[in-house]
Amino acid sequence: MQPDLQQKQQQQGIDVAVLVSIGRHPTTGRARRAEQDARGLELALAIEAELPGTRISMLHAGSQDDSSEAALRGYLGMATGVGMGLESMTLLEQPEGSDAIPALAKHLAATSPQLVITGARAERGEGSGLLPYALAEHLGWPLVNSLASVEKVENGVVTLLQALPRGQRRRLKVRLPAIISVDEAAPAARQSAFGPARRATFAITPTTPEADSELAQWHLAPARKRPKRLKIVKAASARDRFKAAASKSEGKGGQVLTDVTPEQGAEAIYQLLKEEDVLR
Amino acid sequence: MSEIIRRDPRREWIARNRLHPEHASVLAALGVNRGGDGGAVSEWLGPNGVVRKNPRAIGFIGPNGVKRIDRSGLQQGGQSTATTTAARDSRRTVTIDQPAFLVVVVPDLTGGRLSGHDKDLLGLARRVADADAEQPGAVVAILFGEHKGEGGGELKEQALGEAGIDRVVHLDDEFYAGFAPEARLAALSAVEREMTPRFWLLPDSPLGGADLGRRLALRLGERAATGVWQVEADNEAPLGWRCTARGAAGSLDIQRPLPRVALALAECAEPVDETRHAAEHLALAASIPTTLSRIEDLGQVAVDPAGVALAEAEFILSGGNGVKQWDAFHHAAKVLGATEGASRVAVDDGFMARDRQVGATGTWVTARVYMAVGISGAIQHLQGIQRCDKVVAINLDPGCDIIKRADLAVIGDSTQILAALVAMVEQQRGGQRDAA
């Protein structure tokens, strides 16, 4: 009975690959663990806690130097339990300014994890948020964006909660293998512990780098403040201009119901709520 | 003809004599306007050809019982409607029969309406399409799901035309509802095959545009520009335009040639306000292949409305000084599934927590439906609800400021109206459950 149960649990566990990048502190500009990627790793650790036997592998494509190593160790210090399988991470080494997508796609196709978790967009470089979509297109896997939590994994189907704007949630069922991307709606990442982070090692895999020639041609500059939109008044006469400047903006006038019974008033409100589809 | 004003003494006499049977027709022939209530004549051509005015015939009695004459044109019903129709007619009608190229826009259409972001994007599309006045392009909008618009019928189509749309492809099948990126992508690919537009523009918004646009870009094999906030003409670029996009978590400005697929931020351009376009409906010739989806949408999950941040709540029930029974108010919020808000007075009096305060000193809310119960609408409160779409007011005083702002105002006792509304919703839900 016991080995059978163990075997079953082993079967339940899935391979999760977490793609991590090097973040950028918004004020100081220093390298750090990226906010969204850390949330992705947090999500993977939550899956592991739910589903014993889950194997987490971390993946980063980029160059290896002191500042990036410090940032990457920020992720490695997040799993502090014994045997949690984060003693090392895979580093696909390639020089600065190369395209990460071919290297990652090749590695993922070779190792074929069942679930790939990424952050929605990088904090350095182009940061267009196209990478998860590019990987999904390369590998032909389904992609779900803006994930809030993973509810359960069963028979190769994962049930997820997707975060919608305005604090709403949507439940989705996705067939594995799949790619999921994580943004600010996912649970916040835990602190990184210094000791385990120091002890962890990097498994460095050399790749054949492909330079991102398109990005090199673009002109990059620190973000300018966007101009504030002006209220443009198109007035033919002085009276119109004065009115636009002096009058209160709202004057379109809605429907006013006076001398109605409470039931009639409630009926009108109910119709509006129904029309706007806010009653669930 | 000559400059001499020809006088008709008999007609003038009839115009002066209000009791004459032909008085009205003569006035109409003289083109004289009447006062606000349609009573006495306020302006006429005098015996010497000079326009005479009767100040007693115009104006209205102000709140203090003093007669006021408002020459701004706001108070005189007939005249003000004349100006608004003039404003509506000032839009130039534009029809583009033979477009040189197509610009396809896929608006979010949140809640069945074009959002501000969508309108900005359509303004950008119009700019790109109209750059060459000799050979204008056409803006095609692809609408997924139901389009509610303002009003119904012709007005609804007019709203699309006034946003700057020349052609509409409306895909209203049920398999596009909810989270269906694969079905939507298949439809967009069919559009690409059929129309081969020069540009694809999508809103870079979390409401769906950001996701769909990136999928589309990869399907078309384009490296999309994301977070575009500025587009300028550039002769050196392959497609004739250059764009500035935000990169690296908003800390970088990337200047690059505008690719075929662009995802633009809000306020990327001014919305269309001078022209009205045809918004002609198109149907896709080829049928869209049905894809076997690997993502199954199980529908939205009920979330606790109290847990939703007030600033981003969709539906807010807000109480003020006029609410007397707070237990009934809380119960109503629970039944309606609304997030609770409050005015400053209600918070100061200790009926609601400080973090629930709506207004200039509290939270600036963005709800789609804001229901103000017993709130008179201080200017600070109205500032806080500026960005709400629909405002419903329940109040005892028909003269207060929130009534002017509200799309629907019910004058009456808030406790009774809320109780009736709660009963109605509960009854409807009960009925649905029985049916199911």
Side-chain angles (χ1 to χ4, degrees), chain A residues 24 26 121-130 133-134 137 142 144-146 161-162 164-175 214 218-224 226 229 232 239 243 250-251 253-258 260 262-263 265-270 272-273 276-280, chain B residues 72 111 179 206-207 211 214-215 217-219 223-224 226 229 246-256 267 294-303 307-309 312-315 336-337 368-369 390 392 394 398 403-413 416-417 419-421 424-425:
Chain A
R24 176 185 178 280
R121 57 179 72 192
E123 295 179 6
R124 298 174 166 258
E126 191 186 355
S128 62
L130 284 168
Y133 295 89
E137 197 70 24
V144 175
N145 66 323
S146 184
L161 272 189
Q162 189 188 29
L164 302 178
R166 301 188 175 281
Q168 303 295 312
R169 296 278 185 273
R170 182 154 56 195
R171 190 168 284 134
L172 300 172
K173 239 182 192 175
V174 185
R175 191 161 290 283
E214 229 178 307
W218 298 342
H219 177 69
L220 306 186
R224 263 192 299 146
R226 285 184 64 182
R229 175 177 273 183
I232 298 170
R239 201 190 75 186
K243 252 163 58 184
E250 297 303 333
Q255 187 189 3
V256 181
L257 301 177
T258 38
V260 290
E263 282 72 29
E267 174 75 36
I269 296 173
Y270 181 75
L272 187 137
L273 297 183
E276 289 296 317
D277 203 21
V278 286
L279 289 177
R280 299 198 193 288
Chain B
S72 73
F179 187 65
L207 297 160
D211 181 48
R214 287 181 171 87
R215 284 176 202 268
L218 267 303
R219 181 59 54 87
R223 188 161 180 178
T226 58
W229 60 275
R246 281 274 193 261
S251 65
L252 217 57
D253 267 345
I254 303 175
Q255 215 172 63
R256 56 177 287 191
E267 302 195 3
R294 287 163 296 178
I295 301 173
E296 189 188 344
D297 189 351
L298 300 180
Q300 283 205 13
V301 183
V303 287
V308 179
E312 60 170 20
E314 192 167 30
F315 176 28
L336 296 174
R368 275 207 299 128
V369 179
K390 294 268 171 185
V392 180
I394 303 177
I403 306 290
K404 291 177 195 139
R405 168 68 174 89
D407 298 275
L408 172 67
V410 181
I411 311 299
D413 181 34
Q416 288 175 11
I417 293 173
L421 183 61
M424 200 169 286
V425 172

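Predicted model, so just to flag it, every value in this text is computed and none were measured. In what follows, chains are A, B, ... by sequence order, proteins preceding strands, each numbered from 1.
Ion pairing of A:Glu126 with B:Arg223 is present here, as a side-chain N (NZ or NE/NH1/NH2) and a carboxylate O approach within less than 4.0 Å. Using a cut-off of 4.0 Å between Lys/Arg side-chain N and Asp/Glu carboxylate O, A:Arg226 and B:Glu267 are scored as not salt-bridged.
For a residue to count as touching a neighbouring chain, one of its non-hydrogen atoms must lie under 4.5 Å from one of that chain's; by this rule A:Leu272 touches chain B with the side chain only. In this structure, chain B has heavy atoms under 4.5 Å from both the backbone and the side chain of A:Glu263. Heavy atoms closer than 4.5 Å to chain B are found nowhere in A:Ser146, neither backbone nor side chain. Contacts between A:Arg24 and chain B at a heavy-atom distance below 4.5 Å involve the side chain alone, from C-beta outward. When heavy atoms are compared at a cutoff of 4.5 Å, A:Ala122 approaches chain B solely by way of its backbone atoms N, CA, C and O.
Nearest heavy-atom pair across B:Asp253 and A:Arg224 is OD2-N, 2.9 Å. Nearest heavy-atom pair across A:Leu130 and B:Ala224 is CD1-O, 3.8 Å. Summarising the geometry of B:Pro398 relative to A:Thr258, their closest heavy-atom pair is CB-CG2, 4.5 Å, with the distance given to 0.1 Å. Here the closest non-hydrogen pair linking B:Ala313 and A:Arg166 is O-NH1, 3.1 Å. Contact record, A:Gly125 with B:Ala248: O-CB, 3.3 Å, taken as the closest heavy-atom pair. Here the closest heavy-atom approach between residue B:Ala420 and residue A:Ala266 is recorded as CB-CB, 3.6 Å.
Ranked by heavy-atom pairs shorter than 4.5 Å toward chain B, the options A:Leu164, A:Leu161, A:Val174, A:Leu172 are led by A:Leu172. Chain A forms more heavy-atom pairs under 4.5 Å with one residue of B:Leu207, B:Leu421, B:Val308 than with any other, namely B:Leu421. Between chain A and the residues B:Val303, B:Thr226, B:Leu252, the largest count of heavy-atom pairs under 4.5 Å involves B:Leu252. Heavy-atom pairs under 4.5 Å with chain A peak, among B:Ser251, B:Ala217, B:Ala249, at B:Ser251. The residue among B:Arg219, B:Arg294, B:Met424, B:Arg215 with the most heavy atom pairs within less than 4.5 Å of chain A is B:Arg294. Contact count versus chain A (heavy atoms, under 4.5 Å) is highest, among B:Gln416, B:Arg256, B:Gln255, for B:Arg256.
Checked by atom type and distance alone, the side chain of B:Arg214 never pairs as donor or acceptor with a backbone atom of A:Ala134 at under 3.5 Å.
A:Lys173 is not listed as a side-chain neighbour of B:Ile295, based on a closest heavy-atom distance of 4.5 Å or more. The side-chain heavy atoms of A:Leu273 and B:Phe315, taken from C-beta on, include a pair separated by under 4.5 Å.
Taking B:Glu314 as the reference, A:Arg280, B:Arg368 meet the side chain to side chain donor-acceptor pair (under 3.5 Å) condition, with sequence neighbours excluded.
Partner of A:Ile269 under the side-chain contact (heavy atoms from CB on, under 4.5 Å) criterion, out of B:Val369, B:Val392, B:Leu336: B:Val392 alone.
Summarising the geometry, atom CG belonging to B:Asp297 is positioned 8.0 Å from atom CD belonging to A:Gln162; distances are rounded to the nearest 0.5 Å.
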